[in-house]
Q: 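What follows is a structure written as structure tokens; I'll ask about it next.
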Amino acid sequence: TCALPIYFIASQNVSNTVVVRALNAEGTEIGRARKLVVLEKADAKYVPFEFDEEMDTAMVKKYEIGL
């Protein structure tokens with residue numbers, strides 16, 4: 001698997017599933033990872049998102065983060 005650590009800073013209590021999509025140069029999704037993120041107000045931490053090992057990270061031009 002390919003792990004992408006993302007640093008979150010909580011301005012309020014958070015308990016949500018976050019989706020990270022990997023996009024190629026054309027804007028086509030080539031990978032997706034989901035993770036439940038739980039943080040208390042004022043907490044901050046890295047959360048690793050695991051993508052399938054088949055995803056070619058060299059093709060990723062940007063990542064989109066959403067709920």
Side-chain angles (χ1 to χ4, degrees):
T1 61
C2 168
L4 173 69
I6 298 176
Y7 192 67
F8 288 94
I9 302 170
S11 60
Q12 61 188 23
N13 292 342
V14 174
S15 180
N16 265 318
T17 298
V18 176
V19 178
V20 179
R21 297 178 344 134
L23 305 175
N24 66 11
E26 290 77 36
T28 303
E29 181 179 318
I30 59 172
R32 184 183 297 188
R34 289 184 174 86
K35 188 143 212 189
L36 176 63
V37 176
V38 179
L39 294 167
E40 298 293 321
K41 182 178 180 177
D43 276 352
K45 69 176 180 178
Y46 282 99
V47 178
F49 287 81
E50 303 287 333
F51 290 86
D52 291 336
E53 62 185 44
E54 294 86 6
M55 184 181 81
D56 183 356
T57 56
M59 292 181 61
V60 178
K61 295 303 175 193
K62 72 177 181 176
Y63 294 93
E64 289 185 349
I65 302 170
L67 298 176

Q: Working to the nearest 0.5 Å, report the span between CG of Asn16 and CG of Leu36.
A: 8.0 Å
Q: Please examine the side chains of Val20 and Lys35, heavy atoms only from C-beta on, and report whether any two atoms are closer than 4.5 Å.
A: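 Sidechains of Val20 and Lys35: no contact.
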Q: Report the distance from atom NZ of Lys61 to atom OG1 of Thr28, rounding to the nearest 0.5 Å.
A: 13.0 Å
Q: Arg32: what forms a side chain to side chain donor-acceptor pair (under 3.5 Å) with it, not counting sequence neighbours?
A: Glu29
Q: So if you build clusters from Ile, Leu, Val, Met, Phe, Trp, Tyr with side-chain heavy-atom gaps below 4.5 Å, do Val19 and Ile30 land together?
A: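 Not linked; separate clusters.
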Q: Quick test of your reading: applying side chain to side chain donor-acceptor pair (under 3.5 Å), list the pairs with at least one residue in residues 40-58, sequence neighbours left out, ordered by first then second residue.
A: Thr1-Glu50
Q: Can you list the steps and then say if Ile65 with Ile6 is a side chain to side chain contact (heavy atoms under 4.5 Å, CB included)?
A: CA-CA 10 Å; Ile65 302 170; Ile6 298 176; 3.7 Å; yes
Q: Can you sort out the partners of Asn24 under side chain to side chain donor-acceptor pair (under 3.5 Å), two or more places apart, ordered by chain and number?
A: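 Counting only residues at least two positions away or on another chain, Asn24 forms a side chain to side chain donor-acceptor pair (under 3.5 Å) with Glu26.
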Q: Decide side chain to side chain contact (heavy atoms under 4.5 Å, CB included) for Val60 and Phe51; before the verdict, give the C-alpha distance in whole Å, the side-chain angles of both, and the deciding distance to 0.1 Å.
A: CA-CA 12 Å; Val60 178; Phe51 290 86; over 6 Å; no
Q: Carefully, step by step, assess Leu67 and Thr17 under the rule side chain to side chain contact (heavy atoms under 4.5 Å, CB included).
A: CA-CA 6 Å; Leu67 298 176; Thr17 298; over 6 Å; no
Q: Under a single-linkage definition using a 4.5 Å side-chain heavy-atom cutoff for Ile, Leu, Val, Met, Phe, Trp and Tyr, are Val18 and Met55 assigned to the same hydrophobic cluster?
A: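 As far as the 4.5 Å side-chain criterion goes, Met55 and Val18 are connected within one cluster.
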Q: Is there a side chain to side chain contact (heavy atoms under 4.5 Å, CB included) between Phe49 and Val37? Walk through the geometry before answering.
A: CA-CA 10 Å; Phe49 287 81; Val37 176; 4.3 Å; yes
